[in-house]
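Down below is the structure, laid out as structure tokens.
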Amino acid sequence: MADRPNAKPINGFDHEIDVRNVSFAYEPGTPVLNNINFTLHKGKTIALVGSSGGGKSTIADLIPRFYDPVGGSILIDGQDLLDVTVASLRGLMGIVTQESILFNDTIFNNIAFGSEATPEQVERAARIANAHDFIMQQPNGYQTTIGDRGSRLSGGQRQRISIARAVLKNPPILILDEATSALDTESEKLVQEALTRLMANRTTLVIAHRLSTIQHADEILVVHQGSIVERGNHRNLLTLDEGFYRRLNTLQQV
Ligand SMILES: Nc1ncnc2c1ncn2[C@@H]1O[C@H](COP(=O)(O)OP(=O)(O)OP(=O)(O)O)[C@@H](O)[C@H]1O
Ligand SMILES: [Mg+2]
């Protein structure tokens, strides 16, 4: 997204992100989001759940301005995102998505991601992300190259590299789009632990396919066909008879 001529850098995040009456379409005439409203307060976690294609990733993509709303507005500490420079806005955010952006370089450089981090700092982040042990098993440790888009790593390993990158950046705001691809139980546990550590004391928008990830979220938004159809915490949502969330929860009980 290009900056407006009068856009100003934003230097910090103090209060909330306010999504107001937002609608969106990738192509004119095909609405993907309708009248989305929520407020993400500093230090809280909001989770998005719902069926595939409902619009969760699209909502998440509007916060760092990968796209701008077609209608409504998004405010950060009272300022319209459109009046803030994109670089400064993204500087406040750590983004771990379904397709983590890894490049064909060493593990070290993928975690450091252009920062001047020392080997000690990179290792510390990798340990928090449950990545240090598998990195040490690679032929050249942190200096191992990971192939095009990280093709020499498993899905869970790629995710943990991108979590380490976010840990190192230490941003106030996190956007997490949980991978849909099934991880084996052990790998899933490691990723889950790493995400929990990453989310502590931060402001997080998390998209979860496994409800276990988001049971403790402050607010859960159920997104279906471009609208928020239910909202509440885990406990409240389970009381809704015939509720979408309740059905999802039942499906995931093993
Ligand atoms: N780049 C794009 N161009 C056109 N349409 C898109 C694009 N990305 C997503 N869509 C469409 O927008 C709708 C919402 O997609 P989105 O990726 O936000 O869903 P989601 O809830 O994240 O799904 P999932 O759970 O499968 O990740 C879908 O109908 C999808 O086909
Ligand atoms: Mg998605």
Side-chain angles (χ1 to χ4, degrees), residues 1-2 17 19-38 40 45-74 81 86 89-90 93-102 149-150 154-156 158-163 165-166 173-183 187-188 191-192 194-195 198-199 204-215 217 219-232 234 237 243-253:
M1 292 291 131
I17 294 171
V19 175
R20 291 189 187 166
N21 302 319
V22 162
S23 58
F24 182 75
Y26 290 97
E27 285 144 32
T30 314
V32 166
L33 298 177
N34 313 301
N35 201 30
I36 301 294
N37 284 284
F38 64 88
L40 175 56
T45 294
I46 288 187
L48 305 176
V49 301
S51 46
S52 184
K56 303 177 296 296
S57 297
T58 305
I59 293 173
D61 283 349
L62 297 175
I63 310 294
R65 289 191 62 198
F66 293 129
Y67 303 100
D68 287 330
V70 170
S73 54
I74 305 178
L81 293 191
V86 169
L89 180 70
R90 291 187 191 162
M93 298 176 189
I95 304 169
V96 179
T97 61
Q98 291 177 318
E99 291 290 317
S100 288
I101 307 133
L102 298 182
R149 290 161 162 250
S154 75
R158 281 199 295 273
Q159 257 181 295
R160 283 179 277 152
I161 297 280
S162 67
I163 292 169
R165 181 190 288 168
I173 301 164
L174 281 180
I175 313 283
L176 306 176
D177 197 345
E178 186 181 77
T180 28
S181 57
L183 300 176
S187 179
E188 182 174 332
V191 169
Q192 195 50 59
L195 285 176
L198 178 62
M199 286 162 66
T204 307
L205 183 68
V206 54
I207 298 170
H209 297 278
R210 287 165 287 261
L211 300 187
S212 55
T213 313
I214 47 102
Q215 284 190 11
E219 188 176 26
I220 298 166
L221 309 177
V222 181
V223 180
H224 185 62
Q225 294 181 352
S227 300
I228 297 173
V229 294
E230 290 171 20
R231 61 170 77 207
H234 178 72
L237 288 174
F244 192 104
Y245 187 84
R246 184 164 155 158
R247 208 158 56 235
L248 218 58
N249 188 66
T250 309
L251 287 173
Q252 292 194 11
Q253 306 281 319

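In listed order, ligands and their atoms are each counted from 1. This chain uses plain numbering: 1 for the first residue, then up along the sequence.
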Any idea which atoms of ligand 1 are less than 4.0 Å away from a heavy-atom of S57?
-> 17 (O), 18 (O), 20 (P), 22 (O), 27 (O)
Spell out, as yes or no, whether a donor-acceptor pair under 3.5 Å connects the side chain of S23 to the backbone of G71.
-> yes
Please answer whether the main-chain N or O of S51 pairs with a side-chain N or O of K56 as donor and acceptor at a distance below 3.5 Å.
-> yes
Would you check if the side chain of R160 reaches a backbone N or O of G156 as a donor-acceptor pair within less than 3.5 Å?
-> yes
Any idea which part of V32 is under 4.0 Å from ligand 1, heavy-atom wise: side chain, backbone, both or neither?
-> side chain
Taking N or O atoms only and a 3.5 Å limit, does S52 qualify as a polar contact for ligand 1?
-> yes
Would you please name every residue forming a salt bridge (Lys or Arg N to Asp or Glu O under 4.0 Å) with E230, sequence neighbours left out?
-> none
According to the side-chain hydrogen bond (donor to acceptor under 3.5 Å, both in side chains) rule, which pairs have a member within residues 58-68, sequence neighbours left out?
-> Y26-T58, R65-D68
Polar proximity ligand 1 side, G50 side, N/O cut 3.5 Å exclusive | no
Search all heavy atoms of I228 against all heavy atoms of N37 and return the closest pair with its distance.
-> CD1-O, 3.7 Å
Please could you name the atoms of ligand 1 that T58 approaches to less than 4.0 Å, counting only its heavy atoms?
-> 14 (C), 15 (O), 16 (P), 18 (O)
Check ligand 1 against H209 and write out every atom of the ligand that is under 4.0 Å from a heavy-atom position of the residue.
-> 25 (O)
Option whose closest heavy atom lies nearest to atom 28 (C) of ligand 1, chosen from G53, G226, S51 | G53
Report yes or no: does S57 have an N/O/S atom closer than 2.8 Å to the Mg ion (ligand 2)?
-> yes
